[in-house]
Every structure is written in C-alpha cells, then in structure tokens.
Trainee: 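Before I ask anything, here is the structure I am working with.
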Amino acid sequence: GNSVTQMEGPVTLSEEAFLTINCTYTATGYPSLFWYVQYPGEGLQLLLKATKADDKGSNKGFEATYRKETTSFHLEKGSVQVSDSAVYFCALSDRGGTASKLTFGTGTRLQVTL
Amino acid sequence: SQTIHQWPATLVQPVGSPLSLECTVEGTSNPNLYWYRQAAGRGLQLLFYSVGIGQISSEVPQNLSASRPQDRQFILSSKKLLLSDSGFYLCAWSGQSSNQPQHFGDGTRLSIL
C-alpha cells in the first residue's frame, strides 16, 4: 500500500535559517504529492502541490520538487520566520478510484525562534 | 469561493453519551467529503469518505458512523462514546476527480470524560 515517511521532529531553527523537511513516499503508480501546514488549534491548509515528476510546487517562499527517481518531495524554505512555526504534513494522493484519498505522513513540528 | 464549516469547535462529552458533529461545504456541488481523526501528537487517520449523497465508505472499524443526508452536508455520529474517541476531528472536501487536493475545516476538539 501507499505510505509517506517524514523526518522526525521537532525541528528548531533560528529566524532566517534555511529549512529542509524530508519526505519520501512509497506508492503504486504516479501519485500527486502535497504539503499541508497546521497552525496550533487549526485545521490543515494546503501549502503546495505537485502532480507529476519534476514538478516544483511553491507558495509563500516554500518549495518542493517531485523527485520520482528518489521518491521524495522535500520541503524547503530559504529563510524561515517565527510565523512559520507549525506542523507540516507531507501527503500523497492515490490516482485510483473516484475519491481523492490522501495518505499522510505523521507530521513534522517546526519551531522558529528569534 | 468554496468554504467549509465544522461545528462545534470544541466539545466535552461523558463516556457513553451520543455524538453528532456536522460539516457543511459552500460554493461547490458534488464534492467528495472526508472525516479524519487526529490523535494528540499523531498524524491523520481517515475515518470515512463519501463520493455522493448516501454513499459512505468506512476506512477503519470503530465506534463511529457517518452520514451524508444532503450533497454538501457530512455528519459524524456515535451512539455511545468511548474514552478512546477523544481527539481532533477534521472534515475535508475535494473535487470529484482523483488526485484533487483536499481542503480542511477548522476541526472539532472532542474530549471524553
């Protein structure tokens, strides 16, 4: 079956540091890949997505590239801010069936300090 | 634009009491609808999804049930809550075709005493 593996958290960075959160996946076929962000006490917000190999998703300074050869979708940001503190989830979408069922990683908590 | 509403935002219930959580979507028709549970410090577990009125698929056997009485309404229920039902419940919607991103509500935090 499908699975998503994320790096363990929490990740603690100083403001303006470079961020990488690793995500690798196992899937049959060619899934779409997503990053979601969850701020404390809130639901998940779609951060970015990529639907095919070599696509780069980007939003709010975050980027991730769909790497089919390494089955990875690592999240990066060049300079983090305190407001980026949240839990980040990597997810993939199964292309089969009529429902867009997502498989989520366990989430990585990011804490950015001044 | 599309919006999704969940209520209540928080709920404290005694063990053995019934449950009804409601989710509605606006601004789209024929959405796929989903219920997830997020246990403290854990990832998301898909509980139910629905591709149409009255069509419910259950992902894990449990003490909960779901219903979709109208196109844009999704309800999560239980006849008798267990302590293990505590958690953060999230409703989401997506477009009909596969590989669509899901869009989440703000969640309901359920505490069982």
Side-chain angles (χ1 to χ4, degrees), chain A residues 1-10 21 23 25 27-53 55 57 59 64 66 73 86-109, chain B residues 1-7 9-10 21 23 25 28 30-52 55-60 66 68 74 87-111:
Chain A
N2 298 337
S3 67
V4 175
T5 303
Q6 288 182 237
M7 62 188 291
E8 292 276 338
I21 299 178
C23 170
Y25 67 90
T28 54
Y30 304 96
S32 289
L33 301 173
F34 307 91
W35 276 101
Y36 283 85
V37 58
Q38 184 178 33
Y39 298 101
E42 298 183 9
L44 275 70
Q45 299 175 26
L46 178 65
L47 182 59
L48 53 83
K49 65 177 182 179
T51 57
K52 61 184 187 298
D55 267 3
N59 185 27
Y66 190 143
F73 193 53
V87 180
Y88 292 82
F89 291 91
C90 184
L92 67 82
S93 176
D94 194 337
R95 284 186 182 268
T98 55
S100 185
K101 294 168 63 175
L102 295 181
T103 300
F104 284 89
T106 53
T108 301
R109 182 175 301 279
Chain B
S1 64
Q2 302 89 359
T3 56
I4 179 168
H5 304 282
Q6 272 187 256
W7 67 94
T10 59
L21 301 182
C23 171
V25 179
T28 187
N30 302 317
N32 288 336
L33 297 172
Y34 310 83
W35 277 112
Y36 289 87
R37 176 168 57 207
Q38 184 178 27
R42 308 273 304 273
L44 281 80
Q45 180 185 38
L46 179 63
L47 302 176
F48 301 95
Y49 68 92
S50 171
V51 300
Q55 300 179 60
I56 308 296
S57 296
S58 175
E59 287 293 292
V60 291
R68 184 170 177 173
F74 205 24
F88 192 48
Y89 288 82
L90 290 158
C91 181
W93 74 271
S94 74
Q96 275 285 332
S97 57
S98 62
N99 273 315
Q100 295 286 313
Q102 292 180 15
H103 306 277
F104 287 80
D106 289 335
T108 295
R109 185 159 304 285
L110 175 63
S111 299

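So you know, we letter chains A, B, ... as the sequences are listed, proteins then strands, and number each from 1.
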Trainee: With no hydrogens and no angle check, do the side chains of Ser50(B) and Gln55(B) hold a donor and an acceptor under 3.5 Å apart?
Mentor: no
Trainee: Below 4.5 Å, heavy-atom pairs only: which of Leu102(A), Leu92(A), Val87(A), Leu46(A) has the largest tally toward chain B?
Mentor: Leu102(A)
Trainee: Which region of Gln38(A), side chain (C-beta onward) or backbone (N, CA, C, O), has a non-hydrogen atom less than 4.5 Å from a non-hydrogen atom of chain B, or is it both or neither?
Mentor: side chain
Trainee: Can you say whether Glu59(B) sits under 4.5 Å from chain A via the side chain, the backbone, both, or neither, judging by heavy atoms?
Mentor: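 Contact with chain A is through the side chain of Glu59(B) alone.
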Trainee: Just so I know, are the side chains of Asn2(A) and Thr28(A) near enough to count as touching, which here means a heavy-atom distance under 4.5 Å?
Mentor: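 Sidechains of Thr28(A) and Asn2(A): in contact.
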Trainee: So, for Val51(B) and Arg68(B), which heavy atoms are closest and what is the spacing to 0.1 Å?
Mentor: C-NH1, 3.7 Å
Trainee: Which is it for Leu90(B) and Leu44(A) under the side-chain contact (heavy atoms from CB on, under 4.5 Å) test, yes or no, and what are the steps along the way?
Mentor: CA-CA 9 Å; Leu90(B) 290 158; Leu44(A) 275 70; 3.7 Å; yes
